[in-house]
2 protein chains.
Amino acid sequence: MKKRPLILVTNDDGITAPGIRALIDVMNEIGDVIVVAPDSPQSGMGHAITVNSTLYCSPITINHDDVQLEYSCSGTPADCVKLAVNEILNKKPDICVSGINHGSNSSINVIYSGTMSAAVEAGVEGIPAIGFSLCDYSWEANFDAVKKHVKTITESALKNGMPKGVVLNVNFPKLQEKDIKGIKVCRQANARWVEEFDKRTNPMGREYYWLTGKFVNQDKGEDTDEWALANGYVSLVPVQFDLTAHHAIQDLNTWSLND
Amino acid sequence: MKKRPLILVTNDDGITAPGIRALIDVMNEIGDVIVVAPDSPQSGMGHAITVNSTLYCSPITINHDDVQLEYSCSGTPADCVKLAVNEILNKKPDICVSGINHGSNSSINVIYSGTMSAAVEAGVEGIPAIGFSLCDYSWEANFDAVKKHVKTITESALKNGMPKGVVLNVNFPKLQEKDIKGIKVCRQANARWVEEFDKRTNPMGREYYWLTGKFVNQDKGEDTDEWALANGYVSLVPVQFDLTAHHAIQDLNTWSLND
């Protein structure tokens, strides 16, 4: 019998979020699960790491029926992966899965995403990794609808291995299970947020801001994650952490920088 | 006479750091400067944005001799760029420069870097942008040695325009001005941090960690930023924010995801 894979589960909404509970349910069907996740929500944390402050990490038990190793960590999603691999496990898991995020991490959201930063951190350490997100910000989002696809994608990654230097960014449309048409391999759409700051005055009379904004997709391509999600598909984007714009090197070599 | 460019200056070490003061000195020679920077150090913040908390932003005066517009912001480097463009300036600057960081942002450090997240945020908004970092973590680092190159690179970017979808990651070796050999256009080296957690016990008896580690360069290429820096050159890497690993799409399409 083949050995059950060791699966590291983390997220950015915090260890008690319904999204990570759904992800743990699926992973328990696939392998041996260890959970190391933030003790509080870390949305919008990007690839933050804790360098100027201390980190706490404590074992906790959440499901009494189904006891498993869970650690609650005071740091960011990237910290959780570093701690899991280097202190808690002292070895690399076979795969790291992050999420399921309450809300989209498609398109440009990947750069702000704590969910994806955990996957990228694992990828940098040479661990196959997948970030899962559901395009529904509600705490009561229906994660049951996507469990089948989470399982398919994770098992495929374990079976096929991950392309070198790549992690997967998977987003699910907010649909009933029967209405999801399938999984599409996509590129990141060229979209961005147009910020709108909500300016207010605090009780002491000092002005402050809330960051708000609207998402604008400038990309008409039918091979993008935004297109897939808008058309009822699960989007799967291979994400790299070599950020070099190789195509621009030739152009930049024409600049007279050393004259 | 040609109009002086409008230059947005930010950083991640905080508005009072010597590195941003050196950058402002150089930019005052080139154009009209506005500074919007964090009120406290934000190292390791990656591309964090402030979504679950309020943002404060206040005009301040630091140089009484050379009064200019400076704003101190309670948020992250990416927040500073968003606030500058959408609330303070209400228009796009001609260029955004970030730094000069006290410490390296070469190679994989780019993904953890607040300095570079500000540049990337500007890039996403369609603004030419450059992050500058000096490979010296000291608060008393010698920024005078690199001012000439900061000026050359910024003026070249203004003159040539930035390749589409690209921002620049510039790192300076810790050398005297006369010992810097020139500027090299490079790719990001394939390097990573091997974490070492320093485990301690607090006065209340609870265990906690400090994140430490050592940087390991696995890349023998002579076209990398690490090679350039180790050999006395300024490294200049074009960085993209389309994170799609386009080369992996074909491979992933062979996975049986919809069977």
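Letters A, B, ... are given to chains in the order of the sequence lines, protein chains preceding strands, and every chain is numbered from 1. As the structure is a computational prediction, the values presented were derived from the model and not from experiment.
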Residue selection (most heavy-atom pairs with chain A, distance under 4.5 Å) from B:Thr244, B:Leu252, B:Val185, B:Asn190:
B:Thr244
Applying a strict 4.5 Å limit to non-hydrogen atoms, the region of A:Asp223 in contact with chain B is neither
Whether the side chain of A:Ser156 engages the backbone of B:Trp255 through a donor-acceptor N/O pair (distance < 3.5 Å, no angle test) should be reported.
no
Given a strict heavy-atom distance threshold of 4.5 Å, which part of B:Asn202 is in contact with chain A: side chain, backbone, both, or neither?
side chain
Is the shortest heavy-atom distance from the side chain of A:Phe197 to the side chain of B:Asn86 under 4.5 Å?
yes
Per-residue contact mode, A:Val194 against chain B (heavy atom under 4.5 angstrom):
neither
d(A:Glu87 CD, B:Asp198 CG) to nearest 0.5 Å is 9.5 Å
Under a 4.5 Å heavy-atom cut-off, does chain B meet the side chain of A:His247, its backbone, both or neither?
side chain
Using a 4.5 angstrom heavy-atom cutoff, name the option from B:Ser117, B:Pro41, B:Ser53, B:Gly213 with the most pairs to chain A.
B:Ser53
Is the CD atom of B:Gln250 crowded by more than 12 outside heavy atoms at less than 6.0 Å?
no
Contact part of A:Asp251 toward chain B, heavy-atom cut-off under 4.5 Å: side chain, backbone, both or neither?
side chain
Mind listing the closest non-hydrogen atom pair of A:Cys57 and B:Tyr209 along with its distance?
CB-CE1, 4.1 Å
Residues of residues 72-84 of chain B under 4.5 Å from chain A (heavy atom pairs)?
B:Asp79, B:Lys82, B:Leu83
Can you tell me if B:Ser58 and A:Arg206 form a side-chain donor-acceptor pair at under 3.5 Å?
yes
Is it the backbone or the side chain of A:Lys159 that comes under 4.5 Å from a heavy atom of chain B, or both, or neither?
neither
Honestly, the part of A:Asn258 sitting under 4.5 Å from a heavy atom of chain B is side chain
Apply the test side-chain contact (heavy atoms from CB on, under 4.5 Å) to residues A:Glu121 and B:Tyr112: give CA-CA distance (whole Å), side-chain angles for both, the deciding distance (0.1 Å), then the verdict.
CA-CA 10 Å; A:Glu121 184 60 42; B:Tyr112 305 108; 2.7 Å; yes
Picking from A:Ile249, A:Val166, A:Thr152, A:Thr254, which has the most non-hydrogen pairs under 4.5 angstrom with chain B?
A:Ile249
d(A:Asp242 CG, B:Arg187 CZ) to nearest 0.5 Å is 7.5 Å
So, taking the atom named CD1 in A:Ile111 and the one named CD1 in B:Ile111, what distance separates them when rounded to the nearest 0.5 Å?
13.0 Å
Sort A:Glu125 into side chain, backbone, both or neither according to what part of it lies under 4.5 angstrom from a heavy atom of chain B.
both
Where on B:Val120 is there a heavy atom nearer than 4.5 Å to chain A: the side chain, the backbone, both, or neither?
side chain
Is B:Gln188 close to chain A through its backbone or its side chain, or both, or neither, when contacts mean heavy atoms under 4.5 Å?
both
Name the region of B:Ala157, side chain, backbone, both or neither, that has any atom closer than 4.5 Å to a heavy atom of chain A.
both
What part of B:Val239 gets within 4.5 angstrom of chain A, counting heavy atoms only: side chain, backbone, both, or neither?
both
Quick check for you: to the nearest 0.5 Å, what is the distance between B:Leu55 atom CG and A:Glu207 atom CD?
13.0 Å
Just do the side-chain contact (heavy atoms from CB on, under 4.5 Å) check on A:Gln240 and B:Gln240 with the steps written out, would you?
CA-CA 11 Å; A:Gln240 60 193 354; B:Gln240 60 194 353; 3.3 Å; yes
Can you sort out the partners of B:Ser113 under side chain to side chain donor-acceptor pair (under 3.5 Å), two or more places apart, ordered by chain and number?
B:Asn105
Between B:Ile108, B:Val237, B:Asn160, B:Leu211, who has the most heavy-atom pairs with chain A when the cutoff is under 4.5 Å?
B:Asn160
